[in-house]
J.: 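Before I ask anything, here is the structure I am working with.
Bear in mind the structure is a predicted one, so any value in this text is a computation, not a measurement. Letters A, B, ... are given to chains in the order of the sequence lines, protein chains preceding strands, and every chain is numbered from 1.
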There are 2 protein chains.
Amino acid sequence: MTSEIDEENQVLSPQGESSEDQSEQDCSECGAKGRCLREGLGEEQMQGLRKITRTLGPFKPGENIFRVEDKFKSLFVIQSGAVKIETASFEGTKLVDGFFFRGDLVGLESIGAHQYGHDAIALERTLVCELPFDHLESLCSFVPRLQRKLMIILGQKIRYTNDTIVHGRYMSAEKRLLSFLQMLCEKKIIEKSDNTGSVQLPMSKGDIASYLGLRPESLSRTLTKLQNDGIIRNQTKKIEFLDIKAILQQVCG
Amino acid sequence: MTSEIDEENQVLSPQGESSEDQSEQDCSECGAKGRCLREGLGEEQMQGLRKITRTLGPFKPGENIFRVEDKFKSLFVIQSGAVKIETASFEGTKLVDGFFFRGDLVGLESIGAHQYGHDAIALERTLVCELPFDHLESLCSFVPRLQRKLMIILGQKIRYTNDTIVHGRYMSAEKRLLSFLQMLCEKKIIEKSDNTGSVQLPMSKGDIASYLGLRPESLSRTLTKLQNDGIIRNQTKKIEFLDIKAILQQVCG
DNA sequence: AGCAGGATTTGACCCAGACCCATTGGTGGA
DNA sequence: TCCACCAATGGGTCTGGGTCAAATCCTGCT
């Protein structure tokens with residue numbers, strides 16, 4: 001079922017599973033190329049970054065990259081695949097706090113904490129690049145552009161949460177879903193011709209519901225509504241966008 | 001009405017309004033002492049930090065420290081007083097995104113953006129310490145502990161938002177309010193004897209409601225309910241805590 | 001002190017989405 | 001291939017909190 005995606009990741013990450021024997025990271029074929037933390041650094045500035053990183057994985061769907069109680073040690077750049085992070089809510093149930101795709105940094109949420117404080121779970125076959133935080137921090141002192149980049153990413157994360165979650169509290173289920181679909185478009189669109197396209201969903205509907213602050217039943221109903229309105233076609237592991245313009249504009253309106 | 005608070009701030013910030021003539025910042029009597037970014041730095045490490053900072057204010061209640069469209073330039077440590085930040089929601093109404101008290105850093109949300117993206121408004125007589133971000137960044141490269149401190153603060157901010165706002169979506173109005181009161185306890189408690197205490201509210205009830213993702217009417221009803229339950233005494237600009245233990249425990253329960 | 005205008009509270013009503021339950025569908029393992 | 005199991009959907013009901021409207025209460029101003 002996820003075979004298409006796996007194929008693609010293979011192609012994009014040829015350094016693949018046997019990366020342990022590499023003494024230095026080879027970024028030239030990484031799936032996160034163009035979106036990684038290192039982007040914008042000069043060749044000699046990258047040397048240091050390459051030396052401290054190594055590829056981990058592949059993680060199979062459902063496997064943990066780290067766990068709540070693990071000691072915070074590293075950030076992870078997603079080379080290929082997708083990851084969710086989740087915490088136990090105050091009532092005990094699991095609560096999805098975020099999704100991460102190719103090029104995203106996982107672990108920012110734990111900077112300054114002793115433990116990660118949440119589980120990071122692969123949603124599909126996933127390769128990550130580990131950045132030990134201590135090393136990264138030291139490196140930042142010598143490479144101001146890296147320091148700046150990291151701070152910018154932290155700032156963006158704060159803003160993104162604010163714009164989506166905080167403002168999302170005032171949005172209807174339909175708007176929340178639309179802005180989620182919009183995000184998916186930007187991060188993961190597979191094929192896109194003019195006004196239509198489609199996305200493979202690496203996560204379950206339940207995960208999406210949790211992330212949006214809705215019950216699965218409500219999400220399901222909202223998806224059905226959008227389908228009846230002719231905006232999407234709702235499938236189990238895939239959503240087709242029949243009217244991308246409508247999606248982009250309805251979020252704002 | 002806010003005279004008590006103003007008095008107190010006076011005492012705590014004697015460098016006060018005429019700080020422009022100081023060539024170097026004097027932190028020895030600052031109201032944020034013990035909670036400021038510089039905490040934990042050695043004497044010689046603080047030298048650099050002092051050189052780039054200056055005190056601004058006092059801002060009167062309602063005055064802007066910066067505005068949405070202002071170019072992002074500085075972070076601000078609150079020496080005394082209180083500040084809210086707010087943005088226009090997608091439907092046009094103002095939405096309170098955060099409250100800041102003595103020792104808090106305002107402006108983190110805008111790191112990496114061109115403009116602040118929100119208004120920062122003093123809620124009472126407020127003095128702030130300006131940290132030009134470019135200078136702060138350069139300084140971070142030379143003072144690893146400062147760099148680390150800043151990153152930790154950014155990480156904490158991300159976690160705090162996650163724990164309150166994100167998880168708050170699954171909490172009832174009552175629980176949200178209780179966790180807000182808990183935060184106030186930690187940040188601003190005026191007097192506290194054993195199991196009781198009280199807080200002067202520098203912000204309006206409307207601001208609190210907005211911050212909690214509620215309508216003013218709902219907040220009012222919830223406050224009334226807590227009062228009937230004997231947990232608080234609800235006044236216009238002040239809340240008395242009649243049973244602090246109940247507040248602390250009910251949030252978790 | 002008296003008044004205008006906004007903030008806060010209260011009441012009545014409504015609705016989006018939670019909750020509970022039944023059915024269907026998709027998937028991985030024997 | 002078949003079965004067991006969980007994900008997804010759909011129906012029905014309930015309710016917390018939103019919405020509208022009408023007092024009060026405060027506060028700053030004259």
Side-chain angles (χ1 to χ4, degrees), chain A residues 1-3 5-6 60-63 84 86 89 91-96 121 123-125 167-178 180 200-228 232-239, chain B residues 1-3 5-6 60-62 84 89 91 93-96 121 123-124 167-178 180 200-228 232-239:
Chain A
M1 167 274 307
T2 50
S3 60
I5 292 176
D6 282 352
K60 288 194 283 287
E63 275 191 321
K84 69 173 172 183
E86 58 180 25
S89 80
E91 353 144 66
T93 59
K94 291 281 185 178
L95 207 155
V96 176
I121 298 169
L123 294 166
E124 55 189 30
R125 188 180 176 283
H167 288 208
R169 295 184 304 185
Y170 292 92
M171 293 188 220
S172 64
E174 186 171 331
K175 279 202 181 128
R176 289 189 214 183
L177 175 54
L178 284 169
F180 177 74
Q200 291 290 333
L201 297 177
M203 72 293 278
S204 70
K205 298 274 170 75
D207 283 344
I208 297 174
S210 171
Y211 178 67
L212 294 178
L214 299 171
R215 297 294 140 183
E217 298 95 322
S218 299
L219 174 63
S220 179
R221 279 185 246 274
T222 310
L223 282 164
T224 305
K225 179 177 180 304
L226 288 188
Q227 176 159 354
N228 292 338
I232 62 168
R233 208 160 90 74
N234 177 31
Q235 288 166 276
T236 309
K237 287 266 127 188
K238 184 179 174 183
I239 290 183
Chain B
M1 167 273 306
T2 49
S3 59
I5 290 177
D6 281 352
K60 288 193 285 287
K84 69 173 172 182
S89 79
E91 353 144 67
T93 58
K94 290 282 188 180
L95 206 155
V96 176
I121 298 169
L123 294 166
E124 55 189 29
H167 288 206
R169 296 183 304 182
Y170 292 91
M171 293 188 221
S172 64
E174 185 171 330
K175 280 203 180 127
R176 289 189 213 183
L177 174 54
L178 284 168
F180 177 75
Q200 291 290 334
L201 298 178
M203 72 294 278
S204 71
K205 298 273 170 77
D207 283 344
I208 297 174
S210 171
Y211 177 66
L212 295 178
L214 299 170
R215 298 292 141 183
E217 296 95 323
S218 299
L219 174 64
S220 177
R221 277 185 250 274
T222 311
L223 282 165
T224 304
K225 178 177 181 305
L226 288 187
Q227 176 159 358
N228 292 338
I232 62 168
R233 209 160 89 75
N234 177 30
Q235 289 166 277
T236 310
K237 288 266 127 188
K238 184 179 174 182
I239 290 184

J.: Of the nucleotides C:dT9, C:dT8, D:dT9, which has the atom closest to the B:Leu223 side chain?
T.: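 The closest nucleotide is C:dT9.
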J.: Shortest non-hydrogen contact from B:Arg169 to B:Arg176?
T.: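 For B:Arg169 and B:Arg176, the tightest heavy-atom pair comes out as O-NH2, 4.2 Å.
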J.: How close or far is atom P of D:dC6 from atom NZ of A:Lys237, stated in whole angstroms?
T.: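 From A:Lys237 NZ to D:dC6 P: 16 Å.
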J.: Would you mind reporting whether B:Leu223 and B:Ile232 have side-chain heavy atoms less than 4.5 Å apart?
T.: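 SC-SC contact between B:Ile232 and B:Leu223 confirmed.
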J.: Using atom CG of B:Leu177 as one end and atom P of D:dG16 as the other, report the distance to the nearest whole Å.
T.: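 So the CG-P distance, B:Leu177 to D:dG16, works out to 16 Å.
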J.: So, OP1 or OP2 of D:dG17: does either fall under 4.0 Å of a side-chain N or O from B:Arg221?
T.: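 No, because none of the side-chain N or O atoms of B:Arg221 sits under 4.0 Å from OP1 or OP2 of D:dG17.
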J.: Side chain of B:Ser204 only, please: which of C:dC19, D:dA7, C:dT8 is the nearest?
T.: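 Nearest to the side chain of B:Ser204 among the choices is C:dT8.
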J.: More 5' along DNA chain C: A:Ala173 or B:Thr224, using each one's nearest nucleotide?
T.: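 Final value for this comparison: B:Thr224.
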J.: With a 4.0 Å limit, can you tell me whether B:Lys205 has a side-chain N or O closer than that to the phosphate oxygens OP1/OP2 of C:dT9?
T.: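 Yes, because at least one side-chain N or O of B:Lys205 sits under 4.0 Å from OP1 or OP2 of C:dT9.
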J.: OP1, OP2 of C:dA18 versus side-chain N and O of A:Ser218: anything below 4.0 Å?
T.: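 Yes.
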J.: Using a 4.0 Å heavy-atom cut-off across all strands, classify A:Leu219 as base, sugar-phosphate, or nothing.
T.: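 Answer is nothing: A:Leu219 stays at 4.0 Å or more from every strand.
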J.: Figure out the OH/C1' separation between B:Tyr170 and D:dG17, and round it to whole Å.
T.: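 About 17 Å, once rounded to whole Å.
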J.: Applying a 4.0 Å non-hydrogen cut-off, can you work out what B:Thr222 is touching in the nucleic acid: base, sugar-phosphate, or nothing?
T.: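 Here B:Thr222 touches no strand at all.
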J.: Within this structure, what is the CZ-to-P distance between B:Arg169 and C:dA16, rounded to whole angstrom?
T.: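 In whole Å, C:dA16 P and B:Arg169 CZ are 20 Å from each other.
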J.: In whole angstrom, what separates A:Glu174's CD from C:dC15's P?
T.: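 In whole Å, C:dC15 P lies 17 Å from A:Glu174 CD.
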J.: Using atom CE of B:Met171 as one end and atom P of C:dG17 as the other, report the distance to the nearest whole Å.
T.: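 Nearest whole value for this atom pair: 20 Å.
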J.: Within this structure, what is the CG-to-P distance between A:Leu212 and C:dA18, rounded to whole angstrom?
T.: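 It is 11 Å, rounded to the nearest whole Å.
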J.: With side-chain contact (heavy atoms from CB on, under 4.5 Å) as the criterion, how do B:Arg221 and B:Glu217 come out once you've worked through the C-alpha distance, each side chain's angles and the decisive distance to 0.1 Å?
T.: CA-CA 6 Å; B:Arg221 277 185 250 274; B:Glu217 296 95 323; 3.7 Å; yes
J.: What nucleotide among D:dG18, C:dT9, D:dG17 has an atom nearest to a side-chain atom of B:Arg215?
T.: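 Of D:dG18, C:dT9, D:dG17, D:dG18 is nearest to the side chain of B:Arg215.
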J.: Is any side-chain heavy atom of A:Lys94 closer than 4.5 Å to a side-chain heavy atom of A:Glu86?
T.: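 Touching, per the 4.5 Å side-chain cut-off.
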J.: Could a donor-acceptor pair under 3.5 angstrom be found where the side chain of A:Glu217 meets the base of C:dC19?
T.: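 There is none.
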J.: What's the closest nucleotide to the B:Asn234 side chain, out of C:dC19, C:dG26, C:dT9?
T.: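 Output: C:dT9.
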J.: Between atom CG in A:Leu201 and atom P in D:dA7, what is the gap in whole Å?
T.: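 Computing the A:Leu201:CG to D:dA7:P distance gives 15 Å.
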J.: Do you know which two heavy atoms are closest between A:Ser89 and A:Leu95, and how far apart they sit?
T.: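 The pair with the smallest heavy-atom distance is CB-CD1, 3.5 Å.
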